[in-house]
Amino acid sequence: MRLSRRFRFEAAHHLPRHPGKCRALHGHSYELVVSVEGPVEEASGMVLDFSELKRVVASEVVEPLDHRLVNELIENPTAERMAEWIWSRLAPRVPGLVEVELYETRDCAVSYRGA
């Protein structure tokens with residue numbers, strides 16, 4: 001079984017190695033989808049409680065990034081590097097984590113499934 005939960009946060013960044021306009025400071029309304037796979041536990045009827053996933057993602061990802069300059073946490077914070085950073089924060093705390101999908105805009109996203 002696979003379950004996913006969506007999160008939103010606002011953050012700014014600049015890409016110091018980018019040759020175009022993304023080199024300048026700008027912001028995004030990020031959307032993050034975290035997906036977990038595992039067996040449905042007989043007793044609970046769940047793979048993982050959505051509220052537990054929310055608690056972990058909020059404390060490990062959303063709170064540190066929301067309304068922040070991402071460059072303070074991640075060097076050259078491209079969407080790809082941010083997805084790797086998010087994975088590294090969640091993998092030890094979210095059993096069955098299989099994918100993080102990060103949308104910079106409604107039309108532009110990256111997916112990361114671990115190293």
Side-chain angles (χ1 to χ4, degrees):
M1 182 73 67
R2 182 178 214 166
L3 67 87
S4 299
R5 183 161 181 149
R6 189 175 306 269
F7 302 87
R8 292 174 180 82
F9 61 93
E10 309 290 330
H13 71 162
H14 63 92
L15 303 180
R17 300 179 194 150
H18 193 276
K21 64 183 181 178
C22 291
R23 187 178 190 92
L25 180 63
H26 62 284
H28 293 286
S29 295
Y30 287 96
E31 200 165 290
L32 171 66
V33 179
V34 177
S35 298
V36 174
E37 284 185 359
V40 177
E41 293 180 10
E42 190 61 36
S44 68
M46 294 184 251
V47 173
L48 177 68
D49 190 322
F50 282 115
S51 63
E52 176 61 15
L53 182 58
K54 179 183 178 182
R55 184 189 67 75
V56 174
V57 175
S59 69
E60 295 298 322
V61 177
V62 175
E63 290 171 13
L65 292 176
D66 192 37
H67 286 80
R68 292 282 307 267
L69 176 60
V70 181
N71 296 73
E72 294 173 353
L73 299 170
I74 304 166
E75 182 185 352
N76 193 34
T78 62
E80 294 88 342
R81 294 291 183 229
M82 289 178 68
E84 291 172 333
W85 183 87
I86 291 166
W87 181 277
S88 73
R89 306 267 301 181
L90 295 180
R93 293 164 187 83
V94 177
L97 180 66
V98 292
E99 183 176 69
V100 297
E101 188 172 23
L102 182 66
Y103 288 81
E104 267 194 350
T105 69
R106 187 172 58 178
D107 300 322
C108 300
V110 297
S111 296
Y112 187 66
R113 295 183 185 107

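Both Phe50 and Val47 are members of a single hydrophobic cluster when ILVMFWY side chains are connected at heavy-atom separations under 4.5 Å. There is no path of hydrophobic side-chain contacts, each under 4.5 Å, that joins Val33 to Tyr30. Residues Val98 and Leu32 do not share a hydrophobic cluster, defined by chaining ILVMFWY side chains whose heavy atoms lie under 4.5 Å apart. Residues Met1 and Leu3 share a hydrophobic cluster, clusters being chains of Ile/Leu/Val/Met/Phe/Trp/Tyr side chains in contact below 4.5 Å.
Residues meeting the side chain to side chain contact (heavy atoms under 4.5 Å, CB included) test with Arg113, sequence neighbours left out: Glu99. For Glu31, the side chain to side chain contact (heavy atoms under 4.5 Å, CB included) test picks out Arg6, Arg8, Tyr103, with sequence neighbours left out. Legend: residues meeting ring pair (Phe, Tyr, Trp, His ring centres under 6.0 Å) with Phe7, ordered by chain and number and at least two apart, are absent. Tyr112 meets the ring pair (Phe, Tyr, Trp, His ring centres under 6.0 Å) test with Trp87; sequence neighbours excluded.
Shown here for Pro77 and Met82, the closest heavy-atom pair between the two residues is O-SD, 3.8 Å. What you find for Arg93 and Arg89 is that their closest heavy atoms are NH1-O, 2.8 Å. Annotation for Val110 and Ala83: closest pair CG2-CB, 3.8 Å, computed over non-hydrogen atoms. Taking every heavy atom of both residues into account, Asn71 and His14 meet most closely at ND2-O, 2.8 Å.
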Listing, residues 15-26 side-chain donor-acceptor contacts under 3.5 Å, not counting sequence neighbours, or none:
residue: Arg17; atom: NH2; partner: Glu75; partner atom: OE2; Å: 2.6
residue: His18; atom: ND1; partner: Gly20; partner atom: N; Å: 2.8
residue: Arg23; atom: NH1; partner: Pro16; partner atom: O; Å: 2.5
residue: Arg23; atom: NH1; partner: His18; partner atom: O; Å: 3.4
residue: Arg23; atom: NH2; partner: Pro16; partner atom: O; Å: 3.2
residue: His26; atom: ND1; partner: His13; partner atom: O; Å: 3.4
residue: His26; atom: ND1; partner: Ala24; partner atom: O; Å: 2.8
residue: His26; atom: NE2; partner: His13; partner atom: NE2; Å: 3.1
residue: His26; atom: NE2; partner: His28; partner atom: NE2; Å: 3.3

Please list every donor-acceptor pair under 3.5 Å in which a side-chain atom of residues 34-43 meets a protein atom from a residue at least two apart or in another chain.
residue: Ser35; atom: OG; partner: Ser4; partner atom: OG; Å: 2.6

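Among the candidates Leu65, Thr78, Asn76, the single residue satisfying the side chain to side chain contact (heavy atoms under 4.5 Å, CB included) test with Val70 is Leu65.
The CD atom of Glu60 lies 11.5 Å from the CD1 atom of Ile86; values are rounded to the nearest 0.5 Å. In this structure, CG on Leu48 lies 10.5 Å from CZ on Arg5, to the nearest 0.5 angstrom. Considering CD of Glu104 and CD of Glu80, their distance stands at 8.0 Å, rounded to 0.5 Å.
No side-chain donor from either of Thr105 and Asp107 sits under 3.5 Å from a side-chain acceptor of the other.
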Please step through side-chain contact (heavy atoms from CB on, under 4.5 Å) for the pair Val100 and Val61, ending with a clear verdict. CA-CA 11 Å; Val100 297; Val61 177; over 6 Å; no
